[in-house]
Asks: 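Below are the structure tokens for one structure; questions will follow.
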Amino acid sequence: MLFKRFLSSVTRTDVQHFTKILSPPSVLSTLQNAPSAELDIYNNDWMGKYKGSSTTVLKPKTTQQVSEIVKWCNERRIGIVPQGGNTGLVGGSVPVNDEVVISLQNMNSVRSFDPVSGILVADAGCVLQALTDHIASHDHIMPLDLGAKGSCQIGGNVSTNAGGLRLLRYGSLHGSVLGIEAVLPDGTILDQLSTLRKDNTGYDLKQLFIGAEGTLGIVTAVSILTPPAPEASNNVILALPHFNNVLPLYMEVKRQLSEILSAFEYMDRTAYDLAVKHGQGRALADDEIEGAECFVLVETSGGKREHDEEKLETLLSTLLSASNPLITTGVMAQSPAQFSSMWALREGITEAVSKEGKAYKYDISIPLSKFKECVDATREQLRSKGLLGDGDGMVKAVIGYGHVGDGNLHLNVIATRYTQEIQDALEPFVYEFTASHRGSISAEHGIGLMKTHALQYSKSDVSITWMKKIKALFDPNGIMNPGKVLE
Ligand code: FAD
Ligand code: 2HG
Ligand code: ZN
């Protein structure tokens with residue numbers, strides 16, 4: 001890697017210095033005789049696709065400690081990888097070479113919660129599920145939810161500008177994050193931990209850190225607006241005979257459910273079958289899925305259970321009694337357990353994919369009408385190269401699912417192993433398809449290491465030049481998550 005030339009490796013002297021800043025258990029280093037296997041979880045990404053060779057993992061407990069470590073690394077020109085829950089899907093959270101890993105896992109305290117405003121201030125290393133549980137006792141929910149909630153951290157969520165399953169209702173983190181505290185690449189602490197809803201005092205620096213993927217600094221705390229928990233939530237899985245029905249269905253569902261609609265999630269039949277095969281959530285009965293080409297999960301969240309249920313039931317009966325029905329079946333959750341289980345089916349697809357094989361993940365924004373065309377065209381492309389079928393080094397399945405309400409398709413290509421041949425068949429094919437529809441090559445997972453070479457498909461030269469200028473301004477020595485986002 002190019003940046004290797006100007007960055008230094010961690011030495012024993014550096015490790016000795018780190019042990020002066022942190023207590024010994026918070027320094028994990030092969031230079032201090034830690035077995036390298038102990039560093040594996042920090043060096044390998046969630047997909048098992050990207051692997052670094054860091055010798056040293058640091059686990060600070062305070063912002064001051066982060067600042068002192070970063071200052072030292074900057075002076076010594078040591079590359080740093082900020083790491084949250086390491087659930088990222090673009091290779092951004094693990095080292096490319098031997099950068100030091102700064103894990104936020106020991107910075108996991110809630111700093112404050114105001115039940116009147118719903119504003120939560122938390123350390124960056126708080127796990128999303130732990131925050132969800134914390135504010136549940138105050139009848140609030142986090143404005144984001146994702147399948148990785150048991151491991152991902154709020155600092156990682158903010159740094160990736162994570163989308164997830166609630167974006168349709170509560171919008172992006174660019175709206176709900178009110179403030180951040182971050183350590184800049186020279187060790188300076190930037191305190192923008194505002195709890196104000198309105199603050200119009202010039203450039204909004206925190207926005208730069210939302211989605212910066214650790215390239216501009218380390219987020220150490222987050223202030224976030226959380227909504228009150230809805231009084232009633234329900235969901236229904238709808239089976240559709242054709243993909244062409246998804247858009248008319250979305251329009252009809254929006255029209256009928258209006259303010260109580262909180263999610264509209266799509267999965268094609270192959271994605272559904274895979275989730276069921278790997279035991280994710282509640283499978284529908286055989287007669288319920290007969291003839292279904294794809295499925296939609298609709299969630300409602302509202303203020304009055306009877307009112308919401310009546311709306312959902314009316315929706316179902318009008319859909320099913322239409323002369324040319326858009327759906328073949330609708331299965332409504334009848335209990336909290338069924339509600340969770342229906343969500344598990346959708347949320348569990350990523351897990352199911354990882355059980356099935358090695359995934360090439362594309363996470364694109366394209367017009368809704370192009371979702372199926374994209375999956376079909378990718379399948380055809382692989383078929384034309386002779387790569388779809390049984391056998392080692394072959395593609396086992398191509399699936400499409402995602403957040404219809406956000407125009408976000410997850411295209412996953414699952415193979416027996418990662419090969420250059422498959423990679424070459426997929427890229428630039430998928431990116432060209434995306435660009436030809438004026439889409440985005442990353443709707444929510446970010447750029448990481450995986451897509452640096454493809455940034456130009458979604459950003460103009462002028463934009464990339466200014467991104468590079470911003471990076472150079474914050475991080476002139478290029479120590480912060482080197483090789484990620486920008487080449
Ligand atoms: P990591 O993976 O540790 O890091 C991700 C990036 O952020 C890296 O570049 C890292 O350097 C940087 N980073 C982490 N913490 C900090 C910090 N404190 N300061 C500065 N930089 C930092 N993503 C979605 O958007 N929507 C989904 O619905 C979704 N579902 C998922 C489901 C599963 C099962 C899995 C495995 C992943 C899913 N993801 C999803 C991707 C991933 O969970 C998110 O990107 C998540 O926000 C990453 O959080 P993390 O704490 O694991 O960060
Ligand atoms: C989802 O929506 C996540 O389930 C993960 O963003 C998507 O694994 C993926 O490709
Ligand atoms: Zn997603």
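Each ligand, and each atom within it, is numbered from 1 in the order the structure gives. Predicted model only: the values in this text are computed from it and were never measured.
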Asks: Can you produce the list of protein nitrogen or oxygen atoms under 3.5 Å from a nitrogen or oxygen of ligand 2, alongside each distance?
Replies:
residue: ligand 2; atom: 2 (O); partner: R346; partner atom: NH2; Å: 2.8
residue: ligand 2; atom: 2 (O); partner: H403; partner atom: NE2; Å: 3.0
residue: ligand 2; atom: 2 (O); partner: H410; partner atom: NE2; Å: 3.0
residue: ligand 2; atom: 4 (O); partner: R346; partner atom: NH1; Å: 3.0
residue: ligand 2; atom: 4 (O); partner: R346; partner atom: NH2; Å: 3.4
residue: ligand 2; atom: 6 (O); partner: H410; partner atom: NE2; Å: 3.0
residue: ligand 2; atom: 6 (O); partner: E444; partner atom: OE2; Å: 2.8
residue: ligand 2; atom: 6 (O); partner: H445; partner atom: NE2; Å: 2.7
residue: ligand 2; atom: 8 (O); partner: T350; partner atom: OG1; Å: 2.8
residue: ligand 2; atom: 8 (O); partner: K361; partner atom: NZ; Å: 2.7
residue: ligand 2; atom: 8 (O); partner: Y401; partner atom: OH; Å: 3.0
residue: ligand 2; atom: 10 (O); partner: K361; partner atom: NZ; Å: 3.4
residue: ligand 2; atom: 10 (O); partner: Y401; partner atom: OH; Å: 3.2
residue: ligand 2; atom: 10 (O); partner: N412; partner atom: ND2; Å: 3.1

Asks: For E421, does its backbone N or O pair with a side-chain atom of D424 as donor and acceptor, under 3.5 Å?
Replies: no
Asks: Is H403 close enough to the Zn ion (ligand 3) to have an N, O or S atom under 2.8 Å?
Replies: yes
Asks: If you count only heavy atoms, which residues are under 4.0 Å from ligand 1?
Replies: W46, P82, Q83, G84, G85, N86, T87, G88, L89, G92, S93, L104, A124, L146, G147, A148, C152, Q153, G155, G156, N157, S159, T160, A162, G163, G164, E213, G214, G217, I218, V219, T350, E444, H445, N481
Asks: Using ring centroids (six-membered ring only for Trp), state whether Y272 and Y401 fall under 6.0 Å.
Replies: no
Asks: Are any side-chain N or O atoms of E444 and backbone N or O atoms of G164, one a donor and one an acceptor, separated by less than 3.5 Å?
Replies: yes
Asks: Any N/O/S atom, backbone or side chain, of E444 lying under 2.8 Å from the Zn ion (ligand 3)?
Replies: yes
Asks: Which heavy atom of L225 sits nearest a heavy atom of P143, and at what distance?
Replies: O-CG, 3.4 Å
Asks: With distance as the sole criterion, is a donor-acceptor pair present between the side chains of E299 and W343 under 3.5 Å?
Replies: yes
Asks: Judged by modelled atom types alone, do S93 and N86 share a side-chain donor-acceptor pair under 3.5 Å?
Replies: yes
Asks: Are Y266 and Y250 an aromatic pair, judged by ring center distance below 6.0 Å?
Replies: no
Asks: Between Q207 and H174, do the side chains contain a donor N or O and an acceptor N or O under 3.5 Å apart?
Replies: yes
Asks: Regarding R111 and E181, does a basic nitrogen lie under 4.0 Å from an acidic carboxylate oxygen?
Replies: yes
Asks: Measuring from the Zn ion (ligand 3), name the closest N, O or S atom belonging to H410.
Replies: NE2
Asks: Hey, is the main chain of G400 close enough, under 3.5 Å, to the side chain of D268 for a donor-acceptor pair?
Replies: yes
Asks: Using modelled atom types and a 3.5 Å cut-off, is there a donor and acceptor pairing between side-chain atoms of N43 and backbone atoms of S54?
Replies: yes
